[in-house]
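Some notes on the structure that comes next.
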Amino acid sequence: MKSGKIIRGIILLLAILLPASFYLIFQVAPSEKIMGDVQRIFYLHISLAMSAYLGFGLLFVSSILFLVKKTLYWDTLAFSAGEVGLLFSTLVLITGSLWARPVWNVWWTWDPRLVTMLILWFIYIGYFMLRKAIPERMKRARYSAIIGILGFLDVPVVRLATKWWRSIHPRLAREGGGLDPLMVKVMLFSLVTFLIFTSLLIYIRFRVAWAEERINEIFNDVEDYNG
Amino acid sequence: MLRLTDIGKTYGLRPVLKGVNARVEKGEIFVLFGHNGAGKTTLLKIAAGIMPPTKGKVEFPGNQDDRSRIFYLGHRNSLYGELTVLENIRFFLDIRNGKERTTNLRETLTDFGLWQRRNDPVKALSQGMKRRLALMKGLISGAGLFILDEPFSGLDIRWKDTLIERFMEIRKNGGSLLIATHLVHEGCRIADRIGLLENGAMAFLEERERAAEAIIQERLKNEICR
Amino acid sequence: MRFAGNTLAIVRKDILLEFRGKEALSIMIFLSLLLLVIFNLAVDIQSENVASLASGILWVVFAFSGILGMGKTSLSERDDGAYLNILFSTVSMESFYIAKVISNLIFLLLMEVFTILSFVILFNYERLIRTFPALAIPLLLGSLGFSIVGTLFSFLSTGSRFGEIILPFLFLPLVVPVLIGGVSATDIILNGSPGESPAKWLKVLVVFDLLYLFISLILFRHIVEE
């Protein structure tokens, strides 16, 4: 199978990329002037955040496609991407908190970006709660697609509102003077690595979920045949 | 007027309909027989367009999205319990055909024994009265196609006769009716065409050839309506 | 014309239903009163802190009471399959949705006026009355946002199990911009320095309302089909 080979290739690639990006983050990237080594969590934090958005963005697009095409393929892709997105957004919230503690001396800061992520996290928890509550397969797909679309559209509005709401949020030192060029390179490397990793996870999750879906379908046909 | 082609429906793992064909022509009454759980209700919902079939096709003339020419009545009566009889009817007519009000409202209400109770809230009516109200709403709706699921349930003989009279009138005026019932006597009295659903398939209609249909209809009538 | 007439007919019917049953409004009003009392017990509202607490407390009460009440109004269509009347009529899904948004908006506004009056009486805070003309704008825009999302979600939740429990989980995170905008605008009107304007918060509300109204109009038909 061709796609199997590609996947194996990507897994091998990640086996190099992931340790490499950790090496770059912890060994190569320079230590930040004010925050010190703690700032290294930033590379992970940003990469995880982008990965979460990749998952939620894919959920959004697949939800639209489901409502247009009405085939469970898109619904399966939607919730697979959603699951991975939810996992990564949880990690974003945790790393954000770990970062905030030493740097700003608080466990949590109501920074617009963090609040947006937190609100999104709640929305997608709601998404999966709703899925559990609807036994009919097609209806579950339709209803959750609606949440998938509305939820993602909330991102820019929440972002705007929270930004104006707490206009004096803590600014990071890097924003004034700009990042060290080496920092930028490490950041990009880890970002790309994580995006590939996320895509792979979504794809594998989708393969499993889609197989389940197909098995159910075949089961139906057999039942049909036996009458 | 209504054409169902190769309708299939699966609930989860359970197939309910397995490739059902049926058609109802203008000015015709199609009576659908079948035991409880044979798939009558599912077929009617699919015909009315409120449930998508797993496979197959439903066609009626005109815009497929415009269902204002159809009157569908399921097991539930679709009445607002807090509103009175007249308020229910008024709202129903308001959103249906606007100006083309039927003037014989009083007569129809009297025929169905509801005139005296016209200002009572629906929740205060008996089950039989609610059913009669739900049915008579349809009769004055000016619809061209009626899809009725067990319309006789909860009615005693007197109202059944009134209802059957009205059905005949609608048929005479070119309306079509698709009626599901398990009452053989009433069904046979009004049917132009008969279908028998058994295990999700239209019994006696397995032969697809149109030419055979007349013979099949005869067989069905002999079989069911003897 | 058809659109406006149908929308109006449904709104009129909803108001009549609510006037008879008083289900949604009574839930909203009693809950808002209860929440005000609870808030007072929790944070001890005094004349020194009432000005800074008012906007936050009011909007939290609006959101919670609102979502519970809106859950009720869509139930009236599910009961007895009443929405089938609307499905088989000239009412477009868009006009059905708009009508429900308007009815819910009316109930929300009534509840909010009641809540504000209770707040004035319970906490002796008359500034709410004096600034009411200015408050009306964020109230209207915010409630419209609540209604746009709440209407859509209430239909979604009545179609699922444990709907009433899930509804706040879906509703509250999504209306965060409305809450922030509403609270901030109200706060500026109540406590702002003379030059300060709530305009930018009203803009957030307008953006939210327009965006979600547009999207909900497209998505609503996917909820109602069976």
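Just so it is clear, the values below take in all heavy atoms, side chains as well, and ignore hydrogens, waters and symmetry mates. Note that the coordinates shown come from a computational prediction; the quantities given were computed from them, not determined experimentally. Here is how names work: the chains are called A, B, and so on, in the same order as the sequence lines, proteins then strands, and each is numbered from 1.
Contact of A:Leu153 with chain C is made through backbone and side chain together, with heavy-atom distances under 4.5 Å. Using a 4.5 Å cut-off between heavy atoms, C:Leu156 touches chain A through backbone and side chain atoms alike. Only the side chain of C:Ile180 comes within less than 4.5 Å of a heavy atom of chain A; its backbone N, CA, C and O stay farther away. For A:Leu118, no part lies under 4.5 angstrom from a heavy atom of chain C. Looking at A:Ile146, both its backbone and its side chain come within 4.5 Å of chain C, counting heavy atoms on both sides. Both the backbone and the side chain of C:Leu219 come within contact range of chain A, with heavy atoms under 4.5 Å apart. The contact between C:Phe155 and chain A is made entirely by backbone atoms, counting heavy-atom distances below 4.5 Å.
C:Phe214 CZ: 12 or fewer foreign heavy atoms inside a 6.0 Å radius. The number of heavy-atom neighbours closer than 6.0 Å to CZ of A:Arg101, taken from other residues, nucleotides and ligands shown, is above 12.
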With side chain to side chain contact (heavy atoms under 4.5 Å, CB included) as the test, would you mind laying out the steps for A:Leu150 and C:Leu152 before giving the verdict?
CA-CA 11 Å; A:Leu150 291 180; C:Leu152 193 75; 3.2 Å; yes

What's the verdict on side chain to side chain contact (heavy atoms under 4.5 Å, CB included) for A:Lys139 and C:His222, showing C-alpha distance, side-chain angles and the deciding distance?
CA-CA 9 Å; A:Lys139 195 178 188 181; C:His222 294 288; over 6 Å; no

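Although no hydrogens or angles enter the test, the distance criterion places no donor-acceptor pair under 3.5 Å between the side chain of A:Tyr143 and the main chain of C:Ser157.
Heavy-atom proximity under 4.5 angstrom to chain C picks out A:Ile119, A:Phe122, A:Ile123, A:Gly126, A:Tyr127, A:Met129, A:Leu130, A:Lys132, A:Ala133, A:Ile134 from residues 119-134 of chain A. Close approach to chain C, defined as a heavy atom under 4.5 Å from one of its heavy atoms, is seen in no residue of residues 73-90 of chain A.
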